[in-house]
Amino acid sequence: TVASHLASMANSRMSSEGKTAFIFDEITSETGIEISADIARIMELAVSEQVLVITGGPGTGKTTSINVVLKLYDKLGIRSLIAAPTGRAAKRITEVTGRPAATVHRLLEANVSEDGLHNVFGRDEDNPLDCDAVILDEDALIVHVFTLNQLGEEGHAVGDEHDVLA
């Protein structure tokens with residue numbers, strides 16, 4: 001099930017202890033973003049956890065967190081992609097990060113099967129995404145994280161409590 005797969009992923013850790021400590025000052029000087037304790041914790045988790053969900057209402061720093069994690073990934077050589085559930089959300093995250101984002105369906109190269117009865121994906125276990133991490137923004141995050149992790153990718157989701165499926 002989705003829940004047991006996510007639980008298994010959440011219990012496995014990547015070895016990255018201390019990878020971010022030396023980068024904090026560099027990111028602060030480049031971006032002007034002060035690295036708070038919360039953002040520092042997010043940075044550590046972004047390189048140590050298989051699944052990371054960042055929640056919070058408007059103005060709580062989710063977008064800042066995405067930008068800092070993207071900078072961190074760049075510095076560590078972690079290739080990342082950004083996806084969102086809708087074209088509108090993808091456009092917004094592109095505007096705020098300055099990086100291209102796609103809809104989840106476009107990222108996974110979704111299409112309709114020849115019989116027209118179900119979706120087929122151009123990206124799957126046999127043709128994984130060309131990245132080390134995927135950042136998902138907003139709506140229906142848990143299902144999308146599960147889908148991407150089925151492809152062998154590390155998924156990080158950012159949204160508020162209204163975005164996460166119950």
Side-chain angles (χ1 to χ4, degrees), residues 1-14 16 39 42-43 45-166:
T1 68
V2 172
S4 63
H5 185 72
L6 283 172
S8 172
M9 290 172 52
N11 288 327
S12 72
R13 299 181 63 100
M14 297 175 286
S16 63
I39 292 177
I42 288 167
M43 290 171 73
L45 292 171
V47 295
S48 66
E49 299 297 325
Q50 296 263 346
V51 176
L52 172 63
V53 178
I54 303 167
T55 64
T60 58
K62 295 183 306 288
T63 300
T64 299
S65 297
I66 289 174
N67 281 317
V68 169
V69 167
L70 288 168
K71 292 276 188 203
L72 174 65
Y73 284 169
D74 288 347
K75 294 195 174 297
L76 294 174
I78 297 172
R79 300 166 304 142
S80 61
L81 295 172
I82 305 171
T86 65
R88 183 177 180 176
K91 181 179 179 184
R92 182 185 174 282
I93 197 67
T94 295
E95 289 169 355
V96 298
T97 63
R99 298 176 187 232
T103 63
V104 172
H105 287 87
R106 182 163 293 192
L107 187 71
L108 297 177
E109 300 173 10
N111 223 323
V112 178
S113 64
E114 287 184 25
D115 61 14
L117 298 177
H118 58 279
N119 286 330
V120 293
F121 297 94
R123 296 297 185 155
D124 57 19
E125 294 88 355
D126 298 324
N127 186 25
L129 295 168
D130 187 25
C131 66
D132 303 310
V134 176
I135 295 178
L136 299 167
D137 190 37
E138 296 187 19
D139 205 35
L141 301 173
I142 301 305
V143 171
H144 294 313
V145 168
F146 172 75
T147 300
L148 290 164
N149 279 289
Q150 288 294 92
L151 303 179
E153 307 302 329
E154 177 183 330
H156 295 271
V158 179
D160 64 40
E161 63 273 12
H162 305 292
D163 294 331
V164 179
L165 294 175

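Just the heavy atoms: all of them, side chains too, but no hydrogens, waters or symmetry mates, feed the values below.
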**Q.** Residue Glu95 excluded, over 12 heavy atoms near CD under 6.0 Å
**A.** yes

Q | Neighbour count above 12 (heavy atom, 6.0 Å) for Lys71 NZ | A |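 Not buried by this count: 12 neighbours or fewer within 6.0 Å.
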
[atom1]/[X] to [atom2]/[Y] distance, rounded to the nearest 0.5 angstrom?
X      : Y      : atom1 : atom2 : answer
Leu129 : Leu81  : CG    : CG    : 6.0 Å
Lys62  : Ile93  : NZ    : CD1   : 10.0 Å
Asp124 : Glu109 : CG    : CD    : 9.5 Å
Thr97  : Arg92  : OG1   : CZ    : 10.0 Å

Which atoms form the tightest heavy-atom contact between [X] and [Y], and what is the distance?
X      : Y      : value
Phe121 : Ala110 : CE2-CB, 3.6 Å
Ile42  : Ser65  : CD1-OG, 3.4 Å
Ala84  : Ala90  : CB-N, 3.5 Å
Leu70  : Ser80  : CD2-OG, 3.5 Å
Ala133 : Ile78  : CB-CG2, 4.1 Å

Answer yes or no: is there a donor N or O on one side and an acceptor on the other, between the side chain of [X] and the main chain of [Y], under 3.5 Å?
X      : Y      : result
Ser113 : His118 : yes
Arg99  : Thr94  : no
Asp132 : Arg79  : yes

Q: Check whether any side-chain heavy atom of Leu107 lies under 4.5 Å from a side-chain heavy atom of Ile82, and answer yes or no.
A: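 Heavy-atom side-chain distance check fails, nothing below 4.5 Å.
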
Q: Given side-chain contact (heavy atoms from CB on, under 4.5 Å), test Met43 with Ile39 step by step and report yes or no.
A: CA-CA 6 Å; Met43 290 171 73; Ile39 292 177; 4.2 Å; yes

